[in-house]
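This structure is a prediction, so every number in the text was calculated from the model and none was measured. Just so you know, these numbers use all the heavy atoms, side chains as well, and skip hydrogens, waters and symmetry mates.
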Amino acid sequence: MFSLLVNIPANAKWSQNGVTIAGGYGQGGATNQLNSPLGLFVDGNQTVVIADMWNHRIMQWKNGNTRNGHVVAGGKGAGNGLRQLNGPTDVLIDEETNSLIICDQGNGRVVQWSRRRGTKQGKILIRRITCWGLAMDEQRYLYVSDYVKHEVRRYQLGKRIGTLVAGVNGKGAALNQLNGPTYLSVDRHQNVYVSDNNNNRVMKWYKGAKEGVVIAGGQGQGNALTQLYGPQGLFVDTVGTLYVADAGNNRVMRWTRQATQGTLIVGGNSAGAGANQLNGPYGLSFGRFGSLYVTDRSNYRVQRFSIA
């Protein structure tokens, strides 16, 4: 899967001014607008797909076309028909089947839509799950967070029963618990990284472990370099460096392995709509050349920050 193959230099720095590559024309439902963009995924051609939550659709922006996107799933109003979505929160591309896998959060399901031209509806992969985040490993196992059950499960595609891989003891702040898990990342060893949103920390659960390890935050809610505030989107590169959308602090942070504090990558200049500002960053991904893509939720746009 492409996202697992991004190798980011350890000394990389990013331009502090982002470029708007999707949305940015205010809140709305036109093809050049977004309404609460959340999760996103960038493929090898720099095509971006975005969970456009309150437009109940998945939008696609091709590289270089910053004016208008294209509806590739949903967009038929909120509903539970196979042609509809209801408040999608995350999306990824399964390149082997050329399809989208979508967390259809408002409908309590995970659905799959073909990316082939003319597709009018999706099919249900998983039912009765209050999903929020998705990830896929190199063996094409699907990982889904359940923010009501406070757990993460791994599914074999086509199977509806998953294996519990994180959050084994209900809601809480102990090492074997999660509290409102949202976005996920997974490495090539099937270790799972979880934005433990309400605990203001990111957890790493080694494959088969009964409890997790705090690898970012966990020092209470705050804006110090040791703290996070409502972490959301995650990305882990090939050497295990963690990138996290620190939504409540309007910044993106980098945490190297065994680090006791993070480094500010972009944002952190208070909430705002300037090129060097973010307002509720949620989704986070990287392009082939190390460009950082962030869904800037309350600015109704997606920002790209190039390696300086």
Next item on the list: I would like to know whether Asn198 and Tyr147 meet side-chain contact (heavy atoms from CB on, under 4.5 Å); could you show each step before the answer?
Entry: CA-CA 10 Å; Asn198 295 332; Tyr147 71 92; over 6 Å; no

Next item on the list: Following the transitive rule for hydrophobic clusters with a side-chain heavy-atom cut-off under 4.5 Å over Ile, Leu, Val, Met, Phe, Trp and Tyr, establish whether Ile124 and Ile58 coincide in one cluster.
Entry: yes

Next item on the list: Walk me through it: do Thr182 and Gln232 pass the test side chain to side chain donor-acceptor pair (under 3.5 Å)?
Entry: CA-CA 6 Å; Thr182 54; Gln232 294 289 346; 3.3 Å; yes

Item checked: Partner residues of Arg304 under the salt bridge (Lys or Arg N to Asp or Glu O under 4.0 Å) criterion, sequence neighbours left out -> none

Item checked: Summary of salt bridge (charged side-chain N to carboxylate O under 4.0 Å, His left out) pairs that have at least one residue in residues 206-222, sequence neighbours excluded -> none

Next item on the list: Identify whether the distance between the nearest side-chain nitrogen and carboxylate oxygen of Asp146 and Arg153 falls below 4.0 Å.
Entry: no

Margin query: Determine whether a donor-acceptor pair (N or O, by modelled atom type, separation under 3.5 Å) exists between the side chain of Asn199 and the backbone of Gly172.
Written below: yes

Item checked: Single-linkage hydrophobic cluster Val239~Phe235, side-chain heavy atoms < 4.5 angstrom -> no

Notebook entry, point to check: Applying the 4.5 Å side-chain criterion to the ILVMFWY set and letting contacts propagate, would Val91 and Tyr183 be lumped into a single cluster?
Noted result: no

Check: For the side chain to side chain contact (heavy atoms under 4.5 Å, CB included) test, which of Leu85, Val71, Asn35 pairs with Asn55?
Finding: Asn35

Notebook entry, point to check: Residues two or more places apart in sequence or in another chain: which of them pass salt bridge (Lys or Arg N to Asp or Glu O under 4.0 Å) with Asp90?
Noted result: none

Item checked: Straight-line distance of Gln121 CD to Arg83 CZ, nearest 0.5 Å -> 7.5 Å

Notebook entry, point to check: Only one of Thr47, Asn98, Val49 forms a side chain to side chain contact (heavy atoms under 4.5 Å, CB included) with Ile93, so which one is it?
Noted result: Val49

Note to self: Looking at Gln227 and Gln219, would you say the former's side chain and the latter's main chain have a donor-acceptor pair under 3.5 Å?
What the structure shows: yes

Margin query: Would Arg67 and Tyr25 count as a cation-pi pair here, with the cationic atom under 6.0 angstrom from the ring centre and within 45° of the axis?
Written below: yes

Check: How long is the span from the CZ atom in Phe41 to the OH atom in Tyr293, to the nearest 0.5 Å?
Finding: 12.5 Å

Tell me which donor-acceptor pairs under 3.5 Å the side chains of residues 254-274 have, and how far apart each pair is, sequence neighbours excluded?
{"from": "Arg254", "atom 1": "NH1", "to": "Ala12", "atom 2": "O", "distance (Å)": "3.3"}
{"from": "Arg254", "atom 1": "NH2", "to": "Ala12", "atom 2": "O", "distance (Å)": "3.3"}
{"from": "Asn269", "atom 1": "ND2", "to": "Asn276", "atom 2": "O", "distance (Å)": "2.8"}

Item checked: Contacts of Arg57 that satisfy salt bridge (Lys or Arg N to Asp or Glu O under 4.0 Å) - sequence neighbours left out -> Asp52

Check: Do Gln303 and Thr20 get their side chains close enough for a donor-acceptor pair, meaning under 3.5 Å?
Finding: yes

Next item on the list: Using side chain to side chain donor-acceptor pair (under 3.5 Å) as the criterion, list what pairs up with Ser306, not counting sequence neighbours.
Entry: none

Checklist line | Side-chain donor/acceptor of Gln177 to backbone N/O of Lys171, under 3.5 Å | finding: yes

Next item on the list: Starting from the C-alpha separation in whole Å, work towards a yes-or-no answer on side chain to side chain donor-acceptor pair (under 3.5 Å) for Asp137 and Gln190.
Entry: CA-CA 7 Å; Asp137 66 23; Gln190 296 185 320; 2.8 Å; yes

Check: Are the side chain of Asn299 and the backbone N or O of Arg301 linked by a donor-acceptor pair below 3.5 Å?
Finding: no

